[in-house]
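Here the structure is laid out as structure tokens; the discussion comes afterwards.
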Amino acid sequence: MRRDAERLAEDTMLRDSVRAFLAERSPWTHVPRTAADLDGIRAEAAELGWFMMGLPEAAGGVGSDLEQVLSVIEEAGRALHPEPLVADLLLAPAVLPADRPELGQLAEGGLRFCYVRAGVTAVRTGSDEIALKGTGGLALGADRATHAIVAVDEDEPALFLVPLSPGRARTVRLIDGRTAARIAFDDIASQDVLVLARGPAARDKIAALDDLAVSAAVFDAVGALAGGLELTVDYLNQRRQFGQTLGSFQAVRHKMAEVYCSLETLRSLAMWSAAAIAANAPERATAARAAKIGLAVHGLPAAGKMIQVSGGIGVTEEYRIGHVYKRLTVAAGLDGSAEAKIEELASEILGEGEKAR
Amino acid sequence: MRRDAERLAEDTMLRDSVRAFLAERSPWTHVPRTAADLDGIRAEAAELGWFMMGLPEAAGGVGSDLEQVLSVIEEAGRALHPEPLVADLLLAPAVLPADRPELGQLAEGGLRFCYVRAGVTAVRTGSDEIALKGTGGLALGADRATHAIVAVDEDEPALFLVPLSPGRARTVRLIDGRTAARIAFDDIASQDVLVLARGPAARDKIAALDDLAVSAAVFDAVGALAGGLELTVDYLNQRRQFGQTLGSFQAVRHKMAEVYCSLETLRSLAMWSAAAIAANAPERATAARAAKIGLAVHGLPAAGKMIQVSGGIGVTEEYRIGHVYKRLTVAAGLDGSAEAKIEELASEILGEGEKAR
Amino acid sequence: MDAFLTRDERRFREEIRDVIGRILPPDLARATRRGIHLSREQMALWNRLLHEKGWGAHHWPVEFGGPGWTPVQRFIFESECARADAPPTSVFGLYLVGPTLYTFGTEAQKARYLPPILSGDEFWCQGYSEPDAGSDLASLRTVAERTEGGWVITGQKAWTTEGHFADFMICLARTNAAVKPQAGLSLFIIDMKSPGITLHPVLTIDGGHSVNTVFLDGVTVPDDALIGDVDKGWTYAKFLLAHERTNNAQVHRSRREFERLKARFTGERRTDPGLRRRFALVETDLAALEVTVLRILIDQTQGREPGPEASIVKVIGSELQQTISELAMDVLGERALELPHDTADDEAAGWTERHLFRRVVTIYAGTNEIQKTIIAGTTLGLR
Amino acid sequence: MDAFLTRDERRFREEIRDVIGRILPPDLARATRRGIHLSREQMALWNRLLHEKGWGAHHWPVEFGGPGWTPVQRFIFESECARADAPPTSVFGLYLVGPTLYTFGTEAQKARYLPPILSGDEFWCQGYSEPDAGSDLASLRTVAERTEGGWVITGQKAWTTEGHFADFMICLARTNAAVKPQAGLSLFIIDMKSPGITLHPVLTIDGGHSVNTVFLDGVTVPDDALIGDVDKGWTYAKFLLAHERTNNAQVHRSRREFERLKARFTGERRTDPGLRRRFALVETDLAALEVTVLRILIDQTQGREPGPEASIVKVIGSELQQTISELAMDVLGERALELPHDTADDEAAGWTERHLFRRVVTIYAGTNEIQKTIIAGTTLGLR
């Protein structure tokens, strides 16, 4: 947020180029894109250097900072681009050692990562042998991923990298046009499992990944909402009813002002979580919680209001605003509910309710 | 609610006469009324038979039903009449045996009851001797009451009638212009304490009194809101801004429509609780809970919205709408919070959260 | 709500419950739980089964085949149908066309069209809305021109629910351009098999198909296709909108779905305090809405006109439907994010489809904004 | 919010906190907690103590006596004042009159009026609003007529906060009836001891007195009482409203009060799940508002114009103030129902008074409805 003039100019250039690229190569359509189509876009994005952005310089990174990577995520949200980018642009670079060959392949666009939370346990089978058990929670892009970053959050926490053979997980189509899967790990050979971290270090890394994933999901939502707002303002200024534009009705105007308040509130929470991640500040987890809560209590209702002011067209599949709503619904519903975050935040600021009894 | 034509005509006549009497004798003023003033109004109300309405015929009652008595409460709310009537019109008649002389005195307007919940315990001092201990919760009208109906809700529940000597409790002035007190019972002589009920019968009676008190408080609030709505519609139709009446602005119109939705929602909950009390239906406690919840989540915000649309005048002490808000604030805050009722209702419909763990 | 019902009404409820329990096919109940876009066959089957009991159109007057129930009995009947997960019967024939015809139609029209609606043999769709006239019907552009022995209708109708399987459309068209916009409209019956009709399906936000755009390209209808008088269509349409508003509250479906949601809310999440609180608030609002609807019906029973509270149940009921489905999404969690067609979880599929589709309930039948404007003006008298 | 602050700024915060801790008299802090209608003496004392440190007007330019802080340093200073329960300084002199005078006033006006504002020796009130011109200033009726060597002002001003102890009023009056309503207004300085001024106290909903109606009955002011050019008053007034909007967010007071409320929320009630949930939601919104205000200030630091987000902090901040005080009422329970003057419970008295008085924050400084209209038009470009 606090940038010098040079950095600001760089930010703007990056954002403009990403927006232009997505507008050209991934213009919004309600028809789900084919895998080939997505692969083509990815290859071009790789040429533009997207997948190098988050990498350390030793691994071929280009020195972008978190704020800039998140602006790519936000633009992808704005375009409702269906390919999940968070694991590739942010999570994998954050946990893979700089010397791993996967980072180079990632930079060239050749790999796809997904992040698997919940549902998986790890068992020691030999002195250094690890077997994973169980099926992970619903993970965006897991159906097409080449590698899974797997978090095991048990008594002995651990973080793994697992290569995936193609077609091993059934594709789950989501309401927002994206796809996901629940990966079963039971039959993966031990030697294929790379241990990224163990013990307290793993716990810290998992917490950091979780916060990063939430922050990125909220930036994606901010982008989607901002794009929806632009679209809706245009529509309201054109569409007429009772002899005047919809945008001239006071009730519509006020609802849109509330949408804008919600959007900027959510943006502030996203920026807070990003700043806290960048500074590795003690408030990092609090900010991520608040961002996820904001997504549910401000973001989603704002998207609903835009459907409402758009009227009939707002509930048709061929119009974009409903897809903004669905993208936010998915973001709010994945990776732990906002209600749970509300509880966590309450315990953080008030102490445990139960213990106080 | 289901009344024949004759009863409907009787209802209307009663309501009109109460409204006319209060408009004449207790016109609204922001200046607190003197005790003498209130006594004068009470004496005339007694002559009109108000305090006979709820009595059994054996005790000089006039055969009014619950719906009619509640319509008097609602009208008192509409007039923001500062004298609490619920204990006199509803609670005392519901628990005093028909042969008690107090009922006759009550009918003539000579007694004042209050209902004391929480904070009091009862100790057996001899075989039939009872001593009360502790100080009751804040009770409306307790500062001027001649008798307290005291509920003790312990392992051995009991319900008492306690005569009060004048001036024993410090008057607590409330924000809505009404007065209340917390009565200390420690030094009341045992022989003065009349046992109205004990054991399971007392538990049932206390539960019934509680529901009745809540229902009446909500009818009072419905009246206050309805009066406020009328006032506000008039004001909005007169006051002009930017060259048009306030009532012509769409944002104001929609807010007032929401106020009306809230008012009728609250009225429905009040009517449900009254019907359940009249039928002594199993849903009685549920309905009372819902009514109290509705008071907090619909009634109070509706009063707040009326202040908002009234603008500056709405926040002045000399204008009535702020007093509607304060009366509802008091009703929502007395006798247990709505948050507690929400929890109770959740446990009722979902089972205990804790036990399910 | 038992406190409001007489002993006879409670007995009536037992009888209805018993009959529905016997005649409702289980897979119809399952289909109702699983989604909202039921097929014509499914709706027709249920209509026929009800018709066999004389309940095909429970709110119609006896002379046209109604069972002669009081408004409260109808409330009970609707509540029991919802409780059993019976499919909804088609709203257009039974609630829109039927009352229009028996109030304003000719004897011949009544004789021809009412019985097949009652039995579920013929389906109708509405032709009121247009692309540029949704809530603002006065600006509609479809034109009906007089011709030898009939009318020729040309225009475009939007948001035509069930148009793709309806037999007839009740169509509002402009018959007089010389008078003020609302005065020159007339109501017509159009056979959906007529030449000149083309349908385009419109997918809704849930991905489903129940809505269509209908193109009317010089569709010829005979003289007796006109309902009532020429240029009076707006009056007839408004008359109907003023009645049956309690139907828009959808209070019985909401109650049933909420009870199902309570049952689904089990296991670990049942202790989630935020969700518990939201359940309690919905319970409160749902009970209040049930009472409000009952108040309107009891007023009708007692021969009184519906009071001003009748204007609010659409607003409250539609918002409550959305609140309930939002709660359901949070209760179901990840499961609810899957495309309804794909998932094996019936309950989740049903909730997701309903949740998405229900963004429409605050928009259709007059947006809630328009309803609030009406409440402020007509009910409250704001100027 | 530490993640946004530089190390220097965090060190600055320590210094400020240390000084305030030393100079703030405890009974001033107690009075601030207990209520909102502080006396002139209380506000002046705090202003004077700050002035001794050179912080009398922390947001003024250095040449007029400001400390030369960056916007973020001002944010920190305001936050620390709130955190210590320091009383607010008088908003009219410091935020309204000062900037007006140093931007549009003559050198003589600056020399005469700015120093006593800075030191807390002279107090001001605003004379913008009128009984028939609250949010709609264009329709105001107070008239200033040219006279020998000055002006004669006649009219009635409403909602004049602190008017009963102010030394001067900054008064908007009509100087030209021939032009369109907003064009013919001018700004004047009126000495409150002038003949022809009468004050009527207006009690607010909390029962307190800080607002007045001011009658101006042929009040004579000299030529040099005019600020800037004749007929330009509306432009000056608007200029100011566009700045310092972050002040209207009251985010620091809200944060402080919320932290106090957390501390009060103890014992049995601390397990109440509904209240806990509301605390968490307030925490979220309050943090978001803090960031939004910081975003605006950091933009300013970087020399950028305030972005569109500046328009929303009044709306969000005022609603949040009400949400917090509503939560406080529920936390305090019965205690909060007692008349604030009567109760022995300082904290409860303070909350009750603030809660009631704060019904005004969504109304004053341009109602939130007007703010939303501005956001929709100016920020979003809705036509």
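What you see below is based on every heavy atom in this structure, not just the backbone, and it leaves out hydrogens, waters and symmetry mates.
The stretch residues 281-301 of chain D participates, sequence neighbours left out, in no ring pair (Phe, Tyr, Trp, His ring centres under 6.0 Å) pair at all. Residue pairs meeting the salt bridge (charged side-chain N to carboxylate O under 4.0 Å, His left out) criterion with at least one partner in residues 221-230 of chain A, sequence neighbours excluded, are A:Arg78-A:Glu230.
Atom CD of A:Gln244 has more than 12 heavy atoms from other residues, nucleotides or ligands within 6.0 Å.
For the set D:Leu289, D:Val315, D:Asp285, the count of heavy-atom pairs under 4.5 angstrom toward chain A peaks at D:Asp285. Across A:Asn237, A:Leu269, A:Asp4, the residue that shares the most heavy-atom pairs under 4.5 angstrom with chain D is A:Asn237. When the candidates A:Glu339, A:Lys341, A:Arg289 are compared by the number of heavy-atom contacts under 4.5 Å with chain D, A:Glu339 comes out ahead. Your options are A:Ser248, A:Ala281, A:Ala279, and the one with the most heavy-atom pairs under 4.5 Å with chain D is A:Ser248.
Of all heavy-atom pairs spanning A:Ala290 and D:Thr284, the tightest one is O-CG2, 3.5 Å. Nearest approach of A:Ile349 to D:Phe279, heavy atoms of both residues: CD1-O, 3.8 Å. The shortest non-hydrogen separation linking A:Ala257 to D:Ala376 is CB-N, 4.4 Å. Closest approach of A:Thr265 to D:Ala288, counting heavy atoms only: CG2-CB, 3.5 Å. Between A:Cys261 and D:Ile375, the closest heavy-atom pair is SG-CD1, 4.3 Å. Of all heavy-atom pairs between A:Gln250 and D:Thr373, the closest is NE2-OG1, 4.0 Å.
With rounding to the nearest 0.5 Å, the separation of OG in A:Ser268 from CD in D:Glu290 is 10.5 Å. The line from CD1 of A:Ile342 to CZ of D:Arg278 is 13.0 Å long, rounded to the nearest 0.5 Å. The NZ atom of D:Lys372 lies 13.5 Å from the CE atom of A:Met256; values are rounded to the nearest 0.5 Å. Atom-to-atom distance recorded for D:Arg277:CZ and A:Ile293:CD1 is 9.5 Å, nearest 0.5 angstrom. Note that CG of D:Asp272 is 11.0 Å distant from CG of A:Leu350, once rounded to the nearest 0.5 Å. One distance of note links CG of A:Leu266 with OG1 of D:Thr292; it measures 10.5 Å at 0.5 Å rounding.
When atom types are taken as modelled, the side chain of D:Asp2 and the backbone of A:Pro282 share no donor-acceptor pair closer than 3.5 angstrom. In this structure a side-chain-to-backbone donor-acceptor pair under 3.5 Å is present from A:Thr245 to D:Arg383. The backbone N or O of A:Arg267 sits nowhere less than 3.5 Å from a side-chain atom of D:Arg295 that would complete a donor-acceptor pair. Looking only at distances, a side-chain donor or acceptor of A:Arg253 sits under 3.5 Å from a matching main-chain atom of D:Leu382.
Proximity to chain A (any heavy atom under 4.5 Å) is shown, for D:Leu380, by both the backbone and the side chain. Interface residue D:Thr6: backbone and side-chain heavy atoms are both found under 4.5 Å from chain A. With a 4.5 Å cut-off on non-hydrogen atoms, A:Glu258 touches chain D through its side chain but not through its backbone. With a 4.5 angstrom heavy-atom cutoff, D:Phe265 touches chain A only via side-chain atoms. Heavy-atom distances place no part of A:Leu263 under 4.5 Å from chain D, backbone and side chain included. Both the backbone and the side chain of A:Ala346 come within contact range of chain D, with heavy atoms under 4.5 Å apart.
In summary, D:Glu9 and A:Arg2 engage in a salt bridge, as defined by a charged side-chain N under 4.0 Å from a carboxylate O.
The interface of residues 295-311 of chain A with chain D, defined by heavy-atom distances below 4.5 Å, comprises A:Val297, A:His298.
Listed by chain and residue number, nothing satisfies the side-chain hydrogen bond (donor to acceptor under 3.5 Å, both in side chains) test with A:Ser64 (two or more places apart in sequence, or in another chain).
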